Asker: 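For reference, the structure I am asking about is given below.
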Amino acid sequence: MATTASANPISAITAAGNDDEDPDLISLLPDCILTTILSLLPLPAAGRTQILSHRWRRLWSSAPLHLLDSHLPVPASSLSAAVSRILASHRGSAVRFHLLTARPSASDLDSWIRSLAAKNLHELVLRPPSDEALRLPPSFLSFRSLRTAELTNCRLPEEGTGSGEVNFPHLSELTLRLASVPSAAALHRLLVGCPGLASLSLDRVFGCRTLRVRSRSLRSLTVSVSLTRRRVQEGGGAELEHLVVEDAPALERLLAHDINWGPSINVVRAPRLQMLGYMGIGIPELQLGSALFRSMCAVQLAAELRSVRTLALEMPEPQLKPVVDFLRCFPCLETLYVTSHMVAPQIMKILNHEMDDDRIECLGHHLKEVVLKGYRGRKHEMQLATFLVRHARVLQVLKFLCENECSTNWLTKQKRQLQVDSRASLGAQFVFEKFSKSYIRFLKAASNISLVDPFDT
């Protein structure tokens with residue numbers, strides 16, 4: 001008896017290949033492979049396969065859905081209706097949903113969220129085109145299937161579903177950008193409802209002055225405030241001013257962006273913290289265990305954070321004393337970034353420093369790489385660089401990312417002033433490169449957890 005294609009598709013394909021006419025080999029593949037192929041196609045192309053046959057019509061409606069409204073070939077005025085039709089006709093699961101162009105009504109948005117939740121959506125990106133914040137319905141807070149979410153220019157709801165429950169059991173990455181929350185308590189409930197959250201980015205969040213972070217799963221926390229002193233967004237409330245990491249046993253990186261205006265940061269317990277930065281004078285108060293800095297000036301020093309391996313500092317003009325004070329707090333530091341202000345600098349008084357007899361542990365045993373961004377060879381930059389050359393005993397690379405053209409004469413003068421022949425680490429290399437000034441410190445999205453070193457840009 002002949003073997004059917006469904007029972008043995010490989011044999012059927014081989015037999016079909018002997019025909020004189022061009023065989024339809026793709027249709028001989030099993031449904032599970034065809035639906036996977038369809039899920040990888042742009043949505044318009046995948047949708048057009050419905051005209052091939054009844055089977056293809058069934059396959060498209062059950063294939064994993066990747067719905068990006070910006071890819072739909074319809075006028076902007078018809079986008080919402082098109083999205084509604086697609087969600088209503090599609091019977092399979094949903095992988096991605098990106099809203100970048102459409103501006104749905106409240107009822108449409110609620111209907112979409114309920115439909116996507118029923119389809120076990122994994123990835124959600126909301127970036128509505130209007131300046132007016134998109135109000136998320138209460139149904140959003142019980143989106144149990146989400147793995148990653150980016151909410152830009154959105155306002156979170158006050159309450160959850162009928163029971164008031166906030167539950168994102170599988171959410172691992174969350175970015176809130178230009179977002180409004182009803183209160184600090186609402187933001188806290190949201191984070192408590194994410195027991196598996198690994199990476200959180202708070203990029204200009206309004207409605208919460210103080211946030212206390214307690215999470216057993218969080219590995220990366222990024223915080224960013226406005227580039228200006230504006231503290232209130234219309235209808236959004238005050239911006240974040242105080243961040244307290246009360247208990248984060250898994251936290252590996254704490255990243256601060258747009259640090260000209262804060263917030264104050266207090267790290268109470270983060271025993272696995274490995275990466276910290278940018279720290280700058282715009283942060284009014286920085287407390288790391290027992291160590292306390294106010295606008296980068298040391299109030300109390302303590303060498304407690306032995307887990308930190310990478311530190312990034314930023315100041316109007318790099319100076320020796322504040323850098324040395326920070327080095328004392330991180331005995332096992334391996335990589336140091338010191339950046340001149342890339343945005344409007346704040347005034348920082350010049351702090352005198354005299355090297356005492358105390359050994360700085362990281363300089364003697366651990367510090368291997370130093371990067372000076374925006375280097376111009378100014379007096380206090382030279383003092384800092386010369387100090388590192390003389391005292392960093394295991395230094396491997398000292399990199400100068402320069403604002404000027406690095407002419408031969410200038411480089412010769414810099415190396416002479418640095419006294420590289422008197423370096424503490426004989427194997428140290430000195431690298432001078434042209435630095436393109438940029439306002440981007442690092443990627444602010446929660447996905448930056450995938451970057452080995454976010455400061456290396």
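All values derive from a computational prediction rather than experimental measurement. This chain uses plain numbering: 1 for the first residue, then up along the sequence.
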Asker: Tell me if a side-chain donor or acceptor on His90 pairs with a main-chain N or O of Ile86 at a distance below 3.5 Å.
Answerer: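 Not at all, since once roles are kept as given, no pair shorter than 3.5 Å links the two residues.
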
Asker: Set out, in order, the CA-CA distance, both residues' side-chain angles and the distance that settles side chain to side chain contact (heavy atoms under 4.5 Å, CB included) for Lys413 and Asn409, then state yes or no.
Answerer: CA-CA 6 Å; Lys413 179 180 178 180; Asn409 291 338; over 6 Å; no

Asker: State yes or no: are the ring centers of Phe455 and Tyr278 separated by less than 6.0 Å?
Answerer: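 Between Tyr278 and Phe455, which both carry aromatic rings, the centre distance is below 6.0 Å.
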
Asker: Where the side chain of Arg219 meets the backbone of Ser217, is there a donor-acceptor pair that is under 3.5 Å apart?
Answerer: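 The answer is no, because no donor-acceptor pair under 3.5 Å joins these two groups.
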
Asker: Check whether any side-chain heavy atom of Gln417 lies under 4.5 Å from a side-chain heavy atom of Gln414, and answer yes or no.
Answerer: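 Counting from C-beta outward, Gln417 and Gln414 do come under 4.5 Å.
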
Asker: Counting distance only, does the side-chain N/O of Asp69 pair as donor-acceptor with the main-chain N or O of Ala102 below 3.5 Å?
Answerer: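 Checking the backbone N and O of Ala102 against the side chain of Asp69, a donor-acceptor pair under 3.5 Å is found.
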
Asker: Any heavy-atom pair between the side chains of Thr310 and Tyr337 that's under 4.5 Å?
Answerer: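 Yes, their side chains come closer than 4.5 Å.
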
Asker: Just checking Arg216: does its CZ atom have more than 12 heavy atoms from other residues, nucleotides or ligands closer to it than 6.0 angstrom?
Answerer: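 Counting other residues, nucleotides and ligands, CZ of Arg216 stays at 12 neighbours or fewer.
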
Asker: Which heavy atom of Val205 sits nearest to which heavy atom of Leu176, and what is that distance?
Answerer: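 Of all heavy-atom pairs spanning Val205 and Leu176, the closest is CG2-O, 3.7 Å.
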
Asker: Distance-only, no hydrogens or angles: does the Asn120 side chain make a donor-acceptor pair with backbone N or O of Ser93 under 3.5 Å?
Answerer: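 No, Asn120 side chain to Ser93 backbone: no donor-acceptor pair under 3.5 Å.
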
Asker: Quick test of your reading of the model: are Arg269 and Asp247 salt-bridged, counting only N-O distances below 4.0 Å?
Answerer: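 So Arg269 pairs with Asp247 through a salt bridge.
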
Asker: Is atom CD of Glu246 surrounded by more than 12 heavy atoms (other residues, nucleotides or ligands) closer than 6.0 Å?
Answerer: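 Yes, the 6.0 Å shell around CD holds more than 12 heavy atoms from other groups.
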
Asker: Classify the angle between the aromatic ring planes of Phe330 and Phe326 as parallel (below 30°), tilted (30 to 60°) or perpendicular (above 60°).
Answerer: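 Because their plane-to-plane angle is under 30°, the rings of Phe330 and Phe326 count as parallel.
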
Asker: Mark yes or no for whether Asn448, through its side chain, and Ala445, through its backbone, hold a donor-acceptor pair below 3.5 Å.
Answerer: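 It does hold such a pair.
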
Asker: Taking atom CZ of Arg390 as the centre, report whether more than 12 heavy atoms of other residues, nucleotides or ligands fall under 6.0 Å from it.
Answerer: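 Counting other residues, nucleotides and ligands, CZ of Arg390 stays at 12 neighbours or fewer.
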
Asker: What I'd like to find out is whether the side chain of Phe442 reaches to under 4.5 Å of the side chain of Asp456, using heavy atoms alone.
Answerer: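 Answer no - side chains too far apart.
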
Asker: Could you check whether His66 and Glu123, counting side-chain N and O atoms only, form a donor-acceptor pair closer than 3.5 Å?
Answerer: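 No, no side-chain donor-acceptor pair sits under 3.5 Å.
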
Asker: So which atom in Ile259 and which in Glu314 form the shortest heavy-atom distance, rounded to 0.1 Å?
Answerer: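 Shortest heavy-atom contact: CD1-CB, 4.0 Å.
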
Asker: Indicate yes or no for a side-chain donor-acceptor contact from Ser307 to the backbone of Leu273 under 3.5 Å, with no hydrogens or angles considered.
Answerer: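 Confirmed, Ser307 side chain pairs with Leu273 backbone.
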
Asker: Considering only NZ, NE, NH1 and NH2 on the basic side and carboxylate oxygens on the acidic side, decide whether Arg127 and Glu150 come within less than 4.0 Å.
Answerer: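 Yes, charged N to carboxylate O under 4.0 Å.
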
Asker: Sub-3.5 Å donor-acceptor pair from the side chain of Arg253 to the main-chain atoms of Leu251, do we have one?
Answerer: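 No, the answer is negative, given that no donor and acceptor are paired below the 3.5 Å cut-off.
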
Asker: Give a yes or no on whether the backbone of Phe430 and the side-chain of Lys415 come within a donor-acceptor separation of less than 3.5 Å.
Answerer: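 No; judged by distance alone, with no hydrogens or angles, the pair does not exist.
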
Asker: Counting heavy atoms not belonging to Arg212, are there more than 12 under 6.0 Å from its CZ?
Answerer: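 12 or below, so no.
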
Asker: Do side-chain atoms of Ser199 reach the backbone of Ala446 as a donor and acceptor pair under 3.5 angstrom?
Answerer: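 Present.
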
Asker: CZ of Arg147: more than 12 outside heavy atoms within 6.0 angstrom?
Answerer: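 Yes - once you tally the heavy atoms of other residues, nucleotides and ligands closer than 6.0 Å, there are more than 12.
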
Asker: Side chains of Phe140 and Cys154: closer than 4.5 Å at any heavy-atom pair?
Answerer: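 Answer no - side chains too far apart.
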
Asker: I'd like to check Met315 versus Val323 (side-chain heavy atoms, cut-off strictly below 4.5 Å). Are they in contact?
Answerer: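 Heavy-atom side-chain distance check passes, below 4.5 Å.
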
Asker: Less than 4.5 Å apart, any side-chain heavy atom of Asp203 and any of Leu178?
Answerer: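 SC-SC contact between Asp203 and Leu178 ruled out.
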
Asker: Say whether, by atom type as modelled, one donor and one acceptor occur between the side chain of Arg309 and the main chain of Arg306 under 3.5 angstrom.
Answerer: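 Confirmed, Arg309 side chain pairs with Arg306 backbone.
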
Asker: Is a donor from one side chain sitting under 3.5 angstrom from an acceptor on the other, for Glu304 and Ser290?
Answerer: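 A donor-acceptor contact under 3.5 Å links the two side chains.
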
Asker: Start with the C-alpha gap between Leu221 and Val223, add the side-chain angles, then the distance that decides, and say whether side chain to side chain contact (heavy atoms under 4.5 Å, CB included) holds.
Answerer: CA-CA 7 Å; Leu221 174 59; Val223 60; 5.6 Å; no

